[in-house]
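Below is one structure, written out as structure tokens; the observations come after it.
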Amino acid sequence: MSESGTTLRIEPYSAKHQAAVFDLILPIQTNEFSIPITAEQQPDLNDIENFYQQGKGQFWLALVDDRVVGCIALKDIGHRQAALRKMFVAAEYRGKAYGTGLALLNILLAYGREQGLTDIFLGTTSLFLAAHRFYEKNGFTEIAVPELPASFPVMKVDTKFYRYTF
């Protein structure tokens, strides 16, 4: 429950929300952060079940009244390691009032712990300054590219990398 009285819930992705996931992510990438990326350049979003919901992976949605207001993904990369991907929260649901980002991250970390993961890695762009602070505040440590496992899927836009160790 947020300060406004609206209930936020987190649940695993289901295909009925595919269009809403695109509607959440693309405007944040292109309008808010001016990252020149298209839906076609993100084939993982066209096949979330097979890309993320495999092995120890999962994809969660933050919903308010069935509206997708956030998402986060965990991609199994083998060797009891995973990549945190696709963490996005609609601007009006960011911050302490809703706690959307923290709720999503807490679900992901609890799930990773249950799955017996040893590490979670993530890559992000240097533009996401608030995200850097958020990850660092929640136990992620910045690492250099050579510290990434060979199986980590580096995205072209990624310039900063983090690691969470259980």
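On a predicted model such as this, the values are computed, not experimentally measured, just so you know.
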*Salt-bridge contact Arg9-Asp66 (side-chain N to carboxylate O under 4.0 Å)*: yes
*Hey, could you give me the CG/CG distance between Leu61 and Leu24, rounded to the nearest 0.5 Å?*
9.0 Å
*Do Phe166 and Thr118 come close enough that some side-chain heavy atom pair is under 4.5 Å?*
no
*Measure across Gln18 and Leu45 and return the closest heavy-atom pair with its distance rounded to 0.1 Å.*
NE2-O, 3.0 Å
*asked:* Give me the atom names and distance for the closest heavy-atom approach of Gly57 to Tyr111.
replied: O-OH, 3.3 Å
*Given side chains that start at C-beta, do those of His17 and Leu63 come closer than 4.5 Å, heavy atoms only?*
yes
*Could you pull out the closest heavy-atom pair between Ala39 and Phe22, with the gap in Å?*
CB-CE2, 3.4 Å
_Test: Lys16 and Glu49 ion pair at under 4.0 Å_ = no
*Any side-chain heavy-atom pair of Asn138 and Leu102 under 4.5 Å*: yes
_Working for side chain to side chain donor-acceptor pair (under 3.5 Å), residues Gln42 and Gln29_ = CA-CA 12 Å; Gln42 301 177 79; Gln29 292 172 321; 2.9 Å; yes
*Are the aromatic ring centres of Phe121 and Phe161 under 6.0 angstrom apart?*
no
*Are any non-hydrogen side-chain atoms of Leu108 and Ile120 less than 4.5 angstrom apart?*
yes
*Of all the heavy-atom pairs spanning Ile77 and Pro149, show the shortest one and how long it is.*
CD1-CG, 3.8 Å
_A side-chain contact here means heavy atoms from C-beta on lying under 4.5 Å apart; do Cys71 and Phe59 qualify?_
yes
*Assess whether salt bridge (charged side-chain N to carboxylate O under 4.0 Å, His left out) is satisfied between Arg94 and Glu32, documenting all intermediate values.*
CA-CA 14 Å; Arg94 293 180 195 153; Glu32 195 173 337; 2.5 Å; yes
*Scan for side chain to side chain donor-acceptor pair (under 3.5 Å) pairs involving residues 156-166, sequence neighbours excluded, and state none if there are none.*
Arg113-Tyr164, Asp119-Arg163, Asp119-Thr165, Glu136-Tyr162, Glu142-Lys160
*asked:* Quick check for you: to the nearest 0.5 Å, what is the distance between Met155 atom CE and Ile35 atom CD1?
replied: 10.5 Å
_Distance-minimising heavy-atom pair for Leu8 and Ala103_ = CD2-CB, 4.3 Å
*For Ile37 against Leu26, the heavy-atom pair lying closest together*: O-CD2, 4.2 Å
_Tell me every residue that passes ring-ring contact (aromatic ring centres under 6.0 Å, His included) with Tyr93, counting only those two or more places apart in sequence or in another chain._
Tyr98
*So is Lys75 actually on top of Phe51's ring, under 6.0 Å and inside 45° of the axis?*
yes
_Test ring-ring contact (aromatic ring centres under 6.0 Å, His included) on Phe33 and Phe128; report intermediate values, then the result._
CA-CA 8 Å; Phe33 291 99; Phe128 293 170; 4.4 Å; yes
